[in-house]
Each structure stands twice: as C-alpha cells, then as structure tokens.
Amino acid sequence: QHHSRENRSDYVNFHHKSGRPIMRKYRDGEYTPEELERGFPISFREYIEYITSFSNPEEMNEHWIPASLLCRPCHIDYNFIGHFEEQKEEGNFLIEYLKVQDFVPKGFFREASTASRDEALRLLKELPLSQRKILSQIYKDDAALFGYSLEDYLLSSHRKD
C-alpha cells in the first residue's frame, strides 16, 4: 500500500477509528500507550476476531464488508470485474480499454505476490476451523460471484478445534 501525504491522514484516521477498539476488545490491556494512540499494530488474530464478531455484515466498514454487499454486483451491470491476483494484466488492459494511458504512470500496476497468497493461507490455516467456517459464511457470496474457492482458503483443515 502507498500512503502518500495526501492519504496519510485517512490512513491514520482509519487506525484510530478501527484499531483502538480492536486493541481494547481483544488484547486484554496488553498494549503500550503508544500502540493504543496509533491504533496499530493489529494482529491477524485480533482482526479476524473483530470481523467475525459482527452479527450483520452490512454493519462492517468498506475495508472488510463483503464485496457483494459493497458493490452490489447483482444490482449493477458491471462490464469489468478485476481480481487482485491479476492486477497487472487486468489493470493494464483496463487502462488501454479506457484510453487513459497518458494519465496513469507506467508500471502503476504490479504483479501480485504469491508470497502474499501463501502468507494469507498460512495465517488462515492457523485459525480454528470454527472461526474459518464463520468467515466462509460471511464471504461465501463473494467467493461464488468472483470465482474463488473457500476450500482453498478457509475450509481445508490443518488445525482442528
């Protein structure tokens, strides 16, 4: 992620608004005053605890609400849906299709790292299966709409409850 001067305050505000309550709720007071002031770092476990605590996913903020609720793909006739893992190829295609090459810096889109996917898989598989099942319920429509397998990410089990 790029946090330029222009969006730095949004980045800080996001951590203040989201990170502080997560730390207070899931850390049992085990944080420094500086960490609480900043609202980060938040561990993956804390983040997932927070996400799975919502009884109504529509109450989530735009960073983790299911895309199917945020973007309403069943109500809007999109003619392009990109995937993060294909951002370089699809992003470059979209730039050419829209004829905006002169407005987007060359190399703006990068190859998605397989290390990120591998790290996500590792972190998810460390979660209890019961928690992964909750995540799969929250994001099942996204998986179906956008061609992802919940089995790969959430339901295959190396860890038992």
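No hydrogens, no waters, no symmetry mates; every other heavy atom, side chains included, goes into these values.
Every residue two or more places apart in sequence or in another chain that forms a side chain to side chain contact (heavy atoms under 4.5 Å, CB included) with I134 is listed here: T52, I138. Qualifying ring-ring contact (aromatic ring centres under 6.0 Å, His included) partners for F109, counting only residues two or more places apart in sequence or in other chains: none. Residues forming a side-chain hydrogen bond (donor to acceptor under 3.5 Å, both in side chains) with E89 (at least two apart in sequence, or on another chain): none. Qualifying salt bridge (charged side-chain N to carboxylate O under 4.0 Å, His left out) partners for E59, counting only residues two or more places apart in sequence or in other chains: none. The side-chain hydrogen bond (donor to acceptor under 3.5 Å, both in side chains) search around S68 returns D142, not counting sequence neighbours. Checked against side chain to side chain contact (heavy atoms under 4.5 Å, CB included), L69 has the following partners two or more places apart in sequence or in another chain: P57, E58, I65, P66, R72. Here E46 pairs with I22, Y26, R27, I42, S43 under the side chain to side chain contact (heavy atoms under 4.5 Å, CB included) rule; sequence neighbours left out. Contacts of N61 classified as side-chain hydrogen bond (donor to acceptor under 3.5 Å, both in side chains), with partners at least two apart in sequence or in another chain: H63. With sequence neighbours left out, R122 forms a side-chain hydrogen bond (donor to acceptor under 3.5 Å, both in side chains) with E119, E126. In this structure, E49 has no salt bridge (charged side-chain N to carboxylate O under 4.0 Å, His left out) partners at least two apart in sequence or on a different chain.
Judged by distance alone, the side chain of R110 and the main-chain N or O of K88 form no donor-acceptor pair under 3.5 Å. When atom types are taken as modelled, the side chain of R20 and the backbone of L36 share a donor-acceptor pair closer than 3.5 angstrom.
Taking CG of L124 as the start and CD of Q131 as the end, the distance is 10.0 Å to the nearest 0.5 Å. Separating the CZ atom in F103 from the CG atom in L98 is a distance of 11.5 Å, to the nearest 0.5 Å. In this structure, CZ on F93 lies 13.5 Å from CD on E86, to the nearest 0.5 angstrom.
Under the 4.5 Å side-chain heavy-atom criterion for Ile, Leu, Val, Met, Phe, Trp and Tyr, F84 and L123 are members of distinct hydrophobic clusters. Connection of L70 to L145 is not established within any shared hydrophobic cluster, with ILVMFWY side chains joined at heavy-atom distances below 4.5 Å, either directly or through further cluster members. Connection of L121 to Y148 is not established within any shared hydrophobic cluster, with ILVMFWY side chains joined at heavy-atom distances below 4.5 Å, either directly or through further cluster members.
Side-chain contact between Y31 and R24 is present, with at least one heavy-atom pair separated by less than 4.5 Å. S18 is listed as a side-chain neighbour of W64, based on a closest heavy-atom distance under 4.5 Å.
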Show me the side-chain donor-acceptor pairs of residues 73-83 shorter than 3.5 Å, one per line, residues at least two apart or across chains.
| from | atom 1 | to | atom 2 | distance (Å) |
| --- | --- | --- | --- | --- |
| Y78 | OH | C71 | O | 2.6 |
| H83 | NE2 | F146 | O | 2.7 |

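Residue pairs that meet the side chain to side chain donor-acceptor pair (under 3.5 Å) test with at least one member in residues 92-103, sequence neighbours left out, do not exist here.
In this structure, S136 and L150 approach most closely via the heavy-atom pair O-CD1, 3.6 Å.
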